[in-house]
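By convention in this document, chain letters (A, B, ...) are assigned in the order of the sequence lines, proteins followed by strands, and residues within each chain are numbered from 1. Computation of the quantities below employed the complete heavy-atom set of this structure, encompassing side-chain atoms and omitting hydrogens, waters and symmetry-equivalent molecules. Owing to the predicted nature of the structure, the values given are computational and were not obtained by experimental measurement.
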Amino acid sequence: MYNILEGLNPSQKEAVEIINGPLLVLAGAGTGKTKVITHRIANLIKNWIAPDSILGLTFTNRAAREMKERIKLILGSDCASKLFLGTFHAFCMKILRAEVEKTPLHRNFTIADDQDQKGILKLAIAELKLKEDDTDINLFLSYIGKAKQELKFPEQCKANQGYMWAIASRIYEKYQEILIAQNMLDFDDILMYTVDLWQKNPEILSKYQEKYKYILIDEFQDTNYAQFKLIELLAEKYKNLCVVGDDDQSIYGWRGAVVENILKFPNRYQNCRVVKLEQNYRSTNNILEAANVFISGNKQRHSKKLWSENGVGAKIKTISLQTDKSEAFYIANQIRKVQYEYPEIRFRDIAILYRSNHQSRLFEEQFRMNKIPYRIVGSNSFYDRKEVRDAVAYLKLLSNPSDDQSLLRILGVPSRNLGLKFLESARTFDKNSALLKTFNNISFLDTLSPKQKTPLSAFTSSINKYTAFFAESGDLPGKTRAYFEEIGYLNCFQKIYKNIDEAEDRRENVIEFINAMGQFEENKVPEEATLTNFLESFSLSDDSDKVEGEEEKNSVTLLTVHSAKGLEFPCVFLVGMEQNLFPHSRALEERDTDEERRLFYVAITRAKKLLYMTNAGSRMKYGSQSYQMPSEFLAELPENVIEDLSANKAPVEESSINDAFKNFYKQFGINNK
DNA sequence: ACCGGATCCCTTTTT
DNA sequence: GGGATCCGGT
Ligand SMILES: Nc1ncnc2c1ncn2[C@@H]1O[C@H](COP(=O)(O)OP(=O)(O)OP(=O)(O)O)[C@@H](O)[C@H]1O
């Protein structure tokens, strides 16, 4: 049998061998915290603890997936599949589905995405006859989110002081009413409802306390109040709670994360064991020295010294490029060069890290042209496409007939001669009924002209037919394709988009989406291949069960710094190192770049051996050119660990030079045609 | 009611 | 660069 304790240092061993009681592992990047969690799980199982009584929670899907893979390596996939490993949200959804009678929702409830949220919030504002203009929508959503993260229901928010809360709590109340009427919940509800369920039903809580006797949580510095409370309740009885994290890597403050959760963990659990790890096994000392600059000044932290036996290593390379295009071009070239120089570095050992998702686009284009295989983590660009969102809405409606939001989305795609006036009449026909129910009401149909009655009947009969089909599990792609064809969606694109290529593109995206359902189904037992399950994993972006092919595995990874947390790559390109991008303009405006600095620390510490940082002098922003200054962080890098390659003329793509000149001329009003 | 065009937002970061 | 939204013509 695999020796679980082999290859661990004494502190790691200590943590792994503790079986019962609260345990905190507080340590810097790359010191093997995640390794402690995975090996500790293995050790629990070796000590005859049932795998299904172990709960491993992570923050991001990517981290859950990574952990699953590591555990598979130690325990084998049979054993690994028995324990629950996933995000807080995935775990809570499992509970809410199981205990649905005790929640405000009905079976097959669906998760509201951000567009649903906005739509419902608009409805709430309209129903209250408030005249808040659209720009306030995001503000109110953030109020509501904040309340939910603190586990406050609308009732409790009414007690909040201030003019804004007076309005916000009324909107919150209405918003919640509509969500529930549509049998939906938003992301924050997932946590709030679970805590509420447990608090109101001690017998249910007790059931789960008995089930999950051993709890392990990675990246604990990122938990918010609701998550802390959730775990506190679950662990109350046995207190076998192991949390692991690094206060210097706290980068989710904007989402309500409370660092004190980890810092004060020993105060909350009196007999808590604390283990610190100081040896970094990941990076070279050059990389660590650079990283340290950005956290040593942080207030409110446990100071941790990191050291590594990995030698000084290569210098960090910084390169300034002219444009965002030449940045992507340079990196595509550099990847080839790196592979030439270091044959052991495969595509999968390389990552492109950026501050925000939209930066991936140019790299995708460039990599496609250069035949560099890549995969993007966590970007919604595909799933955010209108045609894909519409496809999802078509399906959500089958799973949850009360989902008016989805109905509204797709009723006019393709156009069915059923517009605003028609909707108004359906709404007034029965204010308290879901739209789809009204559509099926014979006496409502009788109020319509034949020109509307015919398309509406065709629409509802397809919906009803496929609702019945999907009630059985299995063959999701086949049924979906037939559904989309019959209801006129799959072949409506030629009609909607004049440009034939665009129409074909969009149609193909829908086909690709249908294929993704096939992939979802592939590694599921037939009973689990239900539409509801698919939609749920889609909403949670939970692709942790997806099996990747070799080609896919051996790809360059494109991802944000946030989603790279917890991961490591031998070669990292940190791109877009420009003022207002990283650090982000919002942080600069608020004169609070602490979290950006920690984010930068996280970015640097992803690299094992090679680290490149690039910045561009100009970049397309909102469709127009913007001139960019190098990031203030670059100036802080210790000189002895960096090497500036900018002077060595990097190969610059022809068209980028032309672009740069054109913009130069444009700037001075010279017409260079 | 539909279509096309103009206009106006946006853009952190994730579940 | 792209989506949602509004407006005016058909
Ligand atoms: N005792 C050890 N001996 C050799 N390698 C180790 C040891 N402990 C950890 N490592 C390696 O160090 C690397 C970093 O480990 P791990 O990802 O667990 O760190 P971490 O503390 O979770 O990092 P982060 O804070 O960045 O998430 C991994 O490649 C791991 O295999």
S.K.: NA contact type, A/Asn357, heavy-atom cut-off 4.0 Å: base, sugar-phosphate, or nothing?
M.R.: sugar-phosphate
S.K.: Are any protein N/O atoms closer than 3.5 Å to N/O atoms in nucleotides 2-6 of chain B? If there are, list each pair with its distance.
M.R.:
{"unit_1": "B/dC2", "atom_1": "OP1", "unit_2": "A/Asn417", "atom_2": "N", "d": "2.7"}

S.K.: Which residues satisfy the side-chain hydrogen bond (donor to acceptor under 3.5 Å, both in side chains) test with A/Asp196, sequence neighbours excluded?
M.R.: A/Lys200
S.K.: Under the ring pair (Phe, Tyr, Trp, His ring centres under 6.0 Å) rule, collect the residues that match up with A/Tyr354, sequence neighbours excluded.
M.R.: none
S.K.: By the 4.0 Å heavy-atom rule, please label A/Ser563 as base, sugar-phosphate, or nothing.
M.R.: sugar-phosphate
S.K.: By the definition side chain to side chain donor-acceptor pair (under 3.5 Å), identify the one residue from A/Asn108, A/Thr110, A/Thr532 that meets it with A/Asn400.
M.R.: A/Thr110
S.K.: For A/Arg506, what residues pass the salt bridge (charged side-chain N to carboxylate O under 4.0 Å, His left out) criterion, not counting sequence neighbours?
M.R.: A/Glu387, A/Glu502
S.K.: Which part of the nucleic acid does A/Arg506 contact within heavy-atom distance under 4.0 Å: base, sugar-phosphate only, or nothing?
M.R.: sugar-phosphate
S.K.: With sequence neighbours excluded, what pairs up with A/Thr103 under the side-chain hydrogen bond (donor to acceptor under 3.5 Å, both in side chains) test?
M.R.: none
S.K.: Among residues at least two apart in sequence or on other chains, which ones pass ring pair (Phe, Tyr, Trp, His ring centres under 6.0 Å) with A/Phe109?
M.R.: none
S.K.: Check whether any side-chain N or O of A/Lys621 sits under 4.0 Å from OP1 or OP2 of B/dT12, and answer yes or no.
M.R.: no
S.K.: Under the rule for ring pair (Phe, Tyr, Trp, His ring centres under 6.0 Å), what residues qualify as partners of A/Phe538, not counting sequence neighbours?
M.R.: A/Tyr383, A/Phe513
S.K.: Using heavy atoms and a sub-4.0 Å distance, could you list which residues of residues 573-588 of chain A are near DNA chain B? By number, please.
M.R.: A/His584, A/Arg586
S.K.: With sequence neighbours excluded, what pairs up with A/Phe187 under the ring pair (Phe, Tyr, Trp, His ring centres under 6.0 Å) test?
M.R.: A/His89
